[in-house]
Engineer: 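First the structure, then my questions, so here it is.
Naming: A, B, ... by sequence-line order, numbering from 1 per chain.
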Protein chains: 2
Amino acid sequence: MSEATQQLKAARDEFVAQWGALGTQWGINRTMAQIHALLMTAPEPPSTDDVMEELQISRGNAHTNLKELVAWGLVRVVVRKGERREFFEAEKDVWKIFTIVARERKRREIDPALEVLRRCAEESQSIETAEGRAFHDQMKQLGEFVEFASRMADKVSAMKYGFALQMASKFF
Amino acid sequence: MSEATQQLKAARDEFVAQWGALGTQWGINRTMAQIHALLMTAPEPPSTDDVMEELQISRGNAHTNLKELVAWGLVRVVVRKGERREFFEAEKDVWKIFTIVARERKRREIDPALEVLRRCAEESQSIETAEGRAFHDQMKQLGEFVEFASRMADKVSAMKYGFALQMASKFF
DNA sequence: ATCTGTTTTCAAATATTACTGAAAACTCGA
DNA sequence: TCGAGTTTTCAGTAATATTTGAAAACAGAT
């Protein structure tokens with residue numbers, strides 16, 4: 001193996017390992033993040049077995065996390081003609097990755113929060129004590145803010161990257 | 001206990017429980033989120049023992065998570081004159097909560113990612129193969145985007161709520 | 001200096017989450 | 001319809017994260 005190839009392998013391995021560690025702090029499981037890193041930096045879409053081998057993980061694990069990445073929309077399944085098995089290709093465009101992650105996190109983190117806040121505000125609507133009103137107000141304020149944040153996230157996700165950059169440069 | 005008080009207690013308990021569950025998906029531990037919910041809706045700042053009792057948790061657990069909330073800046077320690085023990089008061093202003101969480105998540109999630117990307121881009125700088133260049137470009141693009149996102153987060157966090165609203169209404 | 005109520009620490013116990021390995025269920029070609 | 005290659009599932013196991021409980025440290029009050 002040439003010097004250059006070795007260097008590249010080292011850099012890539014580090015990226016995979018570190019991205020995995022980061023994933024953990026992001027509330028994403030380590031393996032899923034590692035696979036994502038691997039696919040993002042793969043010259044050709046790997047198969048399940050390639051992933052298993054590179055990361056030294058079991059078939060079940062590789063399969064589950066690849067499926068999860070596909071469910072997020074961060075990875076596409078590719079079928080090659082004449083090949084039975086599936087290959088996996090990561091989205092590499094940073095703005096697309098960003099909008100996908102933003103949408104997904106909104107769906108998982110923001111929408112359920114809104115639901116909770118709405119229900120709590122509703123349930124405390126009619127409580128006539130001072131404490132009751134304070135609680136109701138708190139729920140309402142939180143709910144309105146989260147609603148606002150949610151809308152903003154939608155708007156930004158729907159933008160083209162160029163437009164976002166342009167807007168940013170105008171404002172800041 | 002009056003009807004109204006019971007209703008309120010029920011609503012509050014639900015909020016605490018659900019906020020705790022949400023916290024989990026946010027990558028925040030359940031107890032920390034529950035305590036936060038409890039404090040946000042407390043008419044008076046509770047003591048460690050109050051928290052222990054309300055949530056039925058151990059002293060060590062209550063203590064650790066209260067400290068963590070204080071470290072985030074979401075909770076303040078209050079000392080009452082003539083009282084030896086400490087009471088804990090949550091920040092209730094939604095915009096402040098948002099900016100604190102944004103800052104903290106940036107510090108924990110974005111900054112380390114930037115660091116990794118920068119190092120990988122640097123290490124692959126000099127690799128002259130096609131694959132090497134592709135890897136380097138990928139790292140650079142990711143890095144530049146994360147850098148951009150990071151700056152935006154800073155700017156937004158530094159805004160006054162009114163200004164943010166105004167800006168939002170102008171743009172969307 | 002000692003006592004008392006309180007906070008802080010941390011090793012051990014528990015709970016949660018992720019992973020493995022192997023078997024079952026597909027899929028397509030012959 | 002059968003069989004080889006591949007994907008999917010899942011019960012058991014391993015790894016990780018959280019919580020407990022009890023002891024140590026601390027800070028006034030006497």
Engineer: Rounded to whole angstrom units, what separation is found between the CE atom of B:M52 and the C1' atom of D:dT19?
Structural biologist: 12 Å
Engineer: Base, backbone or nothing for each nucleotide of nucleotides 9-21 of chain C, written B, S, -, heavy atoms under 4.0 angstrom, 5' to 3'?
Structural biologist: B-------SSSBB
Engineer: Please output the side-chain donor-acceptor pairs of residues 161-172 of chain B that fall under 3.5 Å, not counting sequence neighbours, one pair per line with the distance.
Structural biologist:
unit_1	atom_1	unit_2	atom_2	d
B:S169	OG	B:Q166	O	2.8

Engineer: How many Å lie between NZ on A:K81 and P on C:dC28, as a whole number?
Structural biologist: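 Result: 18 Å.
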Engineer: Which residue pairs pass the salt bridge (charged side-chain N to carboxylate O under 4.0 Å, His left out) test when at least one of the two sits in residues 2-11 of chain A, sequence neighbours left out?
Structural biologist: A:K9-A:D13
Engineer: Pair up each side-chain donor or acceptor in residues 29-37 of chain A with any protein partner under 3.5 Å, not counting sequence neighbours, and list the distances.
Structural biologist:
unit_1	atom_1	unit_2	atom_2	d
A:N29	OD1	A:T31	N	2.9
A:N29	OD1	A:M32	N	3.0
A:N29	ND2	A:N65	OD1	3.2
A:R30	NH1	A:T24	OG1	3.4

Engineer: Suppose we screen for side chain to side chain contact (heavy atoms under 4.5 Å, CB included). Which residues come up paired with B:I110, at least two apart in sequence or across chains?
Structural biologist: B:K106, B:V146, B:S150
Engineer: Does B:F87 have any ring pair (Phe, Tyr, Trp, His ring centres under 6.0 Å) partners at least two apart in sequence or in another chain, and if so, which?
Structural biologist: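 Not a single residue meets the ring pair (Phe, Tyr, Trp, His ring centres under 6.0 Å) criterion with B:F87.
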Engineer: Donor-acceptor pairs under 3.5 angstrom involving side-chain atoms of residues 135-145 of chain B: please list them, not counting sequence neighbours.
Structural biologist:
unit_1	atom_1	unit_2	atom_2	d
B:H136	ND1	B:A121	O	2.9
B:H136	ND1	B:S124	OG	3.3

Engineer: Looking only at atom types and distance, does a side-chain atom of B:R85 sit under 3.5 Å from a main-chain N or O of B:S47, one as donor and one as acceptor?
Structural biologist: no
Engineer: Got a sec, which pairs hit salt bridge (charged side-chain N to carboxylate O under 4.0 Å, His left out) with one end in residues 123-133 of chain A, sequence neighbours left out?
Structural biologist: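 Counting only pairs at least two positions apart or across chains, the salt bridge (charged side-chain N to carboxylate O under 4.0 Å, His left out) contacts touching residues 123-133 of chain A are A:E128-A:R133.
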Engineer: How would nucleotides 24-29 of chain D be written as a contact map, 5' to 3', with B for base contact, S for sugar-phosphate-only contact and - for no contact, using protein heavy atoms under 4.0 Å?
Structural biologist: ---B--
Engineer: Using whole Å, report how far CZ of B:R85 lies from P of C:dT7.
Structural biologist: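 Value for this atom pair: 8 Å.
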